[in-house]
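These figures come from a predicted structure and were not determined experimentally. Excluded from the calculations below are hydrogen atoms, water molecules and symmetry mates; all remaining heavy atoms, backbone and side chain alike, are included.
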Amino acid sequence: MIKFATAILSAGVLFTACRNVGRSPLVLESDIWVAVEGVGGCDTAAERAGTTAPLPSLEFLSDGQLAGYTSCNSFFGSYSTRRNHGAADRIELTIDGITMALCPHSDTEQRYLDKLSRVREYAVRERRLQLKDSTGTTILVFRPASQLRTGDR
């Protein structure tokens with residue numbers, strides 16, 4: 001019986017290790033991350049001033065699943081992270097599905113999704129999540145939703 005329990009426990013540890021959902025200094029799963037820069041090429045809050053539409057967002061779930069919002073459509077997928085000692089931490093985002101609502105600003109939505117597909121690295125500094133491309137250039141910046149003032153949304 002002990003050997004059987006050990007085998008199940010070992011398989012669970014192996015499965016968890018293969019998922020490779022890493023941790024950051026500010027845990028990715030700690031909040032819903034709201035885009036504050038980079039969606040349309042400039043400051044997202046300024047772009048959306050005067051509108052009531054929610055900002056694009058990402059939510060990293062603890063099981064490696066990803067959920068998000070483009071400001072019109074919702075999407076889901078998965079992510080994996082890897083610590084890269086001495087360099088930026090690696091992240092891979094995969095979008096598996098998206099709702100298909102007709103969006104008045106579909107070009108902004110498409111730019112956001114295109115940038116998410118180019119993300120290869122991340123850093124969390126000063127309560128901001130920076131998503132970077134393969135060259136290390138920051139292409140999207142997010143803040144925790146719980147940290148935003150009502151006027152920032």
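Side chain of Asp63 to main chain of Gln65: a donor-acceptor pair is present (N/O by atom type, distance under 3.5 Å, no hydrogens or angles). Of the possible polar contacts, none joining the Tyr112 side chain to the Gly38 backbone as a donor-acceptor pair under 3.5 Å is found. No side-chain donor-acceptor contact under 3.5 Å links Arg125 to the backbone of Leu129. Counting only distance, with no hydrogens or angles, the side chain of Thr99 and the backbone of Ser74 share a donor-acceptor pair below 3.5 Å.
No salt bridge links Arg120 with Glu92; every basic N to acidic carboxylate O contact stays at or beyond 4.0 Å.
A 4.5 Å side-chain heavy-atom check between Leu113 and Thr70 finds at least one atom pair inside the cut-off. A 4.5 Å side-chain heavy-atom check between Leu66 and Thr94 finds every atom pair outside the cut-off. No side-chain heavy atom of Asp31 sits under 4.5 Å from any side-chain heavy atom of Phe142. The side-chain heavy atoms of Ile32 and Leu58, taken from C-beta on, include no pair separated by under 4.5 Å. For the pair Arg90/Arg83, no side-chain contact is recorded, criterion being any heavy-atom separation below 4.5 Å from C-beta on.
The two residues Gly136 and Glu121 come nearest to each other via the heavy atoms CA-OE1, 3.6 Å. Nearest heavy-atom pair across Tyr122 and Ile91 is CD2-CB, 3.6 Å. The shortest heavy-atom contact between Pro144 and Arg127 is CD-O, 3.2 Å. In this structure, Ala101 and Asn73 approach most closely via the heavy-atom pair N-OD1, 2.7 Å. The two residues Ala145 and Val34 come nearest to each other via the heavy atoms CB-CG2, 3.6 Å. For the pair Ser57 and Phe75, the tightest heavy-atom approach, listed with the atom from each and the gap, is O-CZ, 4.0 Å.
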Checklist entry - Can you check side-chain contact (heavy atoms from CB on, under 4.5 Å) on Leu131 and Leu116, steps first, answer last? => result CA-CA 8 Å; Leu131 297 181; Leu116 288 176; 4.2 Å; yes
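Between the NZ atom in Lys115 and the CD atom in Gln110 there is a gap of 12.5 Å [rounded to 0.5 Å]. For the atom pair CG of Asp114 and CD of Glu109, the computed distance is 10.5 Å after rounding to the nearest 0.5 Å. Going from atom CG of Leu55 over to atom CH2 of Trp33 covers 14.5 Å, rounded to the nearest 0.5 Å.
In the hydrophobic clustering of ILVMFWY residues, with side-chain heavy atoms under 4.5 Å counting as a link, Val124 and Leu93 come out together. Both Ile95 and Met100 belong to a common hydrophobic cluster when Ile, Leu, Val, Met, Phe, Trp and Tyr are linked at side-chain heavy-atom distances under 4.5 angstrom. Placement of Ile98 and Val39 within a single hydrophobic cluster is found when ILVMFWY residues are connected by side-chain heavy-atom separations under 4.5 Å, directly or transitively.
Taking the salt bridge (Lys or Arg N to Asp or Glu O under 4.0 Å) definition, one finds that Arg118 meets it with nothing, sequence neighbours left out. Residues that satisfy the side-chain contact (heavy atoms from CB on, under 4.5 Å) test with Thr135, not counting sequence neighbours, are Asp133, Thr137. Residues passing the salt bridge (Lys or Arg N to Asp or Glu O under 4.0 Å) test with Asp107 are Arg111, sequence neighbours excluded.
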